[in-house]
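Structure first, then comments.
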Amino acid sequence: MNRSIRRAWLAASCVFVLLLGSLSYIQFFDAKRLGEHAWNSRGMYESYGSQRGSIVVGGTEIASSVASNDGYDFQRTYSDPETYASLTGYFSSIYGATGLESAMNEELSGTSDRQFYDRLSQMFSGNSAQGATVELTVDTQLQQIAYNALQGHKGAIAVMNPRTGEVLALVSSPSYDPNELSSHNNESVLAAYERLNADPARPLMNRAIGGDTYAPGSTFKIIDAVAALESGKYTKDSVIPNPQNLPLPGTTASLPNYVNGQCATRADATIEWALAQSCNTPFAQIAMDLGQEKIAKTAQNFGYGDSSLSIPLSVSESVFPSSMTDSQLAQAAIGQYDVKTTPLQVAMMSSAIANDGVQMKPNLIRSVKSHSLSTLYEFSAEKWRTSTSADTAQQVKEWMVNNVDNGIASGAAVDGVKVAGKTGTAEIGTTGLNNAWFTGFAPADNPQVAVAVVYEGVDTAEGASLAAPAAKQIFEAVLNR
């Protein structure tokens with residue numbers, strides 16, 4: 001009998017120790033992670049009892065909390081919601097938080113460690129807790145131009161200051177209205193989310209920084225050009241065969257040259273001319289000559305393979321594939337095969353060329369100020385990496401200017417200003433449609449703005465009429481100030 005009691009007591013003690021240990025772990029070690037989890041509705045409900053901080057662009061609140069009389073203390077509201085949805089995300093009692101509402105949740109809710117004394121002061125004064133104000137680096141005019149330029153097409157635009165890394169615009173289309181998901185009417189929120197989630201156009205996906213990443217098409221030839229110069233095997237005067245069809249090693253297939261420029265007019269080409277006309281076969285040959293390791297390393301120097309980037313929105317990793325055959329490398333060199341990237345990454349690539357080979361860390365946050373107006377964070381430009389040498393960047397910059405002056409990127413030209421640019425066309429399977437790209441910066445001799453534009457699922461003519469002209473609008477807005 002004593003033995004049975006002893007065993008029962010030991011079993012009960014073990015269960016007690018396990019429960020105590022689990023509870024201690026949750027309370028002291030895992031509480032922060034669970035509290036910040038996007039699906040933690042309890043934390044969301046509690047947050048409606050305090051005034052969440054505002055998200056501000058150019059002095060205007062694009063997300064704010066207003067008094068509510070429907071059982072909650074405050075209602076989260078969004079002004080110009082579709083223009084800024086790719087930035088703000090939504091704050092929902094059912095579906096949690098996304099976008100900056102999630103990434104800056106601690107500051108907006110007033111629960112960050114840096115706001116401890118504010119919380120203490122509010123507690124002793126008897127005032128309700130208030131979150132911090134988050135001011136963005138985004139330019140109101142550029143954000144609106146970028147949103148309007150997409151015209152409801154599926155696509156995205158990313159705009160940066162190449163000297164500082166400040167994100168000046170970040171737009172994904174089609175967009176949505178975050179107010180629908182932040183409503184206190186659960187029935188309408190559920191219906192709105194079901195509709196948006198079922199939409200094949202996927203408006204909830206932020207195409208500018210993630211979701212389904214894109215094949216970069218011929219914008220990747222900028223990286224090929226850098227790799228060629230860095231190798232020492234090629235110079236600005238090198239001449240490369242420019243066949244209209246390049247047999248792919250180990251296959252019965254051939255890589256066709258680009259047919260919409262002047263590639264067919266020359267049997268040989270310099271890198272400058274091939275870049276201006278976006279000829280495929282010279283760059284495929286350069287890549288196979290230099291080898292996969294060199295192209296991959298150059299891509300890595302511009303940010304491919306970096307999974308750590310946060311602006312503070314999480315940015316999907318750009319990918320340059322490994323273990324390729326020469327035929328696959330030839331296709332990867334023109335931004336096809338399994339090469340994948342984001343518009344922000346492409347803008348970062350152009351920014352590095354604009355900034356003498358130095359890539360600055362992109363950032364959306366200009367400042368964070370507590371309710372007491374103390375500064376919790378203030379933007380400071382941060383070098384992210386050296387992508388290439390200043391000499392190589394200067395040569396590629398000159399080639400990109402020639403692309404706009406004398407090549408197929410002329411749709412981005414601005415009168416009286418040197419503009420650097422590169423177009424891209426990435427085929428979508430066998431649909432006959434493409435993703436149309438433009439990336440570049442201006443003024444080329446004193447860059448103030450870098451941009452990447454992509455339109456999904458358009459034919460070649462439509463893509464040419466959309467991508468470069470969209471960038472031109474942004475360049476003109478900056479240069480005319």
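Counting begins at 1 with the first residue of the sequence.
In this structure, R195 pairs ionically with E180, as a charged nitrogen and a carboxylate oxygen lie closer than 4.0 Å. Taking a cutoff of 4.0 Å between a charged side-chain nitrogen and a carboxylate oxygen, E398 and K236 do not qualify as a salt bridge. Looking at R366 and E166, a side-chain N of the basic residue comes within less than 4.0 Å of a carboxylate O on the acidic one, giving a salt bridge. A salt bridge is defined here as a Lys NZ or Arg NE, NH1 or NH2 lying under 4.0 Å from an Asp or Glu carboxylate O, and K340 with D212 fails to meet this definition. Taking the charged nitrogens against the carboxylate oxygens, K294 and E230 do have a contact shorter than 4.0 Å, which makes a salt bridge.
Within the model, atoms CG of N257 and CG of N242 stand 5.0 Å from one another, a figure rounded to the nearest 0.5 Å. Distance check: N403 CG to K221 NZ gives 10.0 Å after rounding to the nearest 0.5 Å. Remark: L108 CG to T133 OG1 distance equals 8.5 Å, nearest 0.5 Å. Atoms CG and CD, on L136 and Q143 in that order, are 9.0 Å from each other to the nearest 0.5 Å. Between D405 atom CG and K418 atom NZ the span is 8.0 Å, to the nearest 0.5 Å. Atom CZ of F220 and atom CD1 of I295 lie 6.5 Å apart (nearest 0.5 Å).
What you find for Y78 and G89 is that their closest heavy atoms are CE2-O, 3.8 Å. The nearest pair of heavy atoms linking A132 to L376 is CB-CD1, 4.0 Å. The two atoms that bring I157 and A149 nearest to each other are CD1-CB, 4.3 Å, heavy atoms only. Shortest non-hydrogen contact noted between P178 and T88 is CG-OG1, 4.1 Å.
The main-chain N or O of P81 is never found under 3.5 Å from a side-chain atom of D177 such that the two would form a donor-acceptor pair. S175 contributes a side-chain N or O that, together with a main-chain N or O of E82, makes up a donor-acceptor pair within less than 3.5 Å. Side-chain atoms of S231 come within 3.5 Å of backbone N or O of K233 as a donor-acceptor pair. Checked by atom type and distance alone, the side chain of N434 never pairs as donor or acceptor with a backbone atom of A436 at under 3.5 Å. A donor-acceptor contact shorter than 3.5 Å links the side chain of T251 to the backbone of A253. Judged purely by atom type and a 3.5 angstrom limit, N402 has no side-chain atom pairing as donor or acceptor with the backbone of A276. Without hydrogens or angle criteria, S92 side chain to I94 main chain gives a donor-acceptor distance under 3.5 Å. At least one donor-acceptor pair closer than 3.5 Å links the side chain of T281 to the backbone N or O of P243. Remark: the backbone N or O of R207 is paired with a side-chain donor or acceptor of S172 at under 3.5 angstrom. At least one donor-acceptor pair closer than 3.5 Å links the side chain of N206 to the backbone N or O of A208.
When only modelled atom types and interatomic distance are considered, T235 and D237 share no side-chain donor-acceptor pair under 3.5 Å. For the residue pair S327 / T325, a side-chain donor-acceptor distance below 3.5 Å is found, with atom types taken as modelled. Judged by distance alone, the side chains of Y176 and D199 never bring a donor and an acceptor atom under 3.5 Å apart. Side chain to side chain, N105 and S102 fail the donor-acceptor criterion of an N or O pair below 3.5 Å. Side-chain contact annotation: K369 with T375, donor-acceptor N/O pair under 3.5 Å present. Remark: the T270 side chain and the E272 side chain contain no N/O donor-acceptor pair separated by less than 3.5 Å. Side-chain contact check for E456 and Y214: at least one donor-acceptor pair (N or O, by modelled atom type) lies under 3.5 Å.
Taking the side chain as every heavy atom from C-beta outward, W273 and T265 approach each other to under 4.5 Å. In this structure, Y377 and V134 have side chains that are not in contact, with every pair of non-hydrogen atoms separated by 4.5 Å or more. At least one side-chain heavy atom of L87 sits under 4.5 Å from a side-chain heavy atom of L364. Within the 4.5 Å cutoff, the side chain of L329 has no heavy atoms near those of the Y337 side chain. Taking 4.5 Å as the limit, every side-chain heavy atom of S351 sits out of range of all side-chain heavy atoms of Q359. Between L344 and M348 the shortest side-chain heavy-atom distance falls below 4.5 Å. Side-chain contact between V358 and R385 is absent, with no heavy atoms from C-beta onward closer than 4.5 Å. A heavy-atom distance below 4.5 Å is found between the side chains of M349 and I222.
Taking the centre of each ring, Y84 and Y147 stay at or above the 6.0 Å mark. Between Y193 and Y95, the gap from one ring centroid to the other is short of 6.0 Å.
Taking a 6.0 Å sphere around CD of E427, one finds it holds 12 or fewer heavy atoms contributed by other residues, nucleotides or ligands.
The list of side chain to side chain donor-acceptor pair (under 3.5 Å) pairs with a residue in residues 437-451, not counting sequence neighbours, reads S350-T439.
Classified by interplanar angle (parallel below 30°, tilted 30° to 60°, perpendicular above 60°), the ring pair H153/Y455 is perpendicular.
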Do F475 and F441 pass the ring-ring contact (aromatic ring centres under 6.0 Å, His included) test, and can you show the C-alpha distance, the side-chain angles, and the key distance before you say yes or no? CA-CA 8 Å; F475 293 149; F441 50 90; 8.4 Å; no
Please report the C-alpha distance between N148 and T83 in whole Å, then the side-chain angles of each, then the deciding distance to 0.1 Å, and finally whether the side-chain contact (heavy atoms from CB on, under 4.5 Å) criterion is met. CA-CA 9 Å; N148 292 343; T83 303; 5.9 Å; no
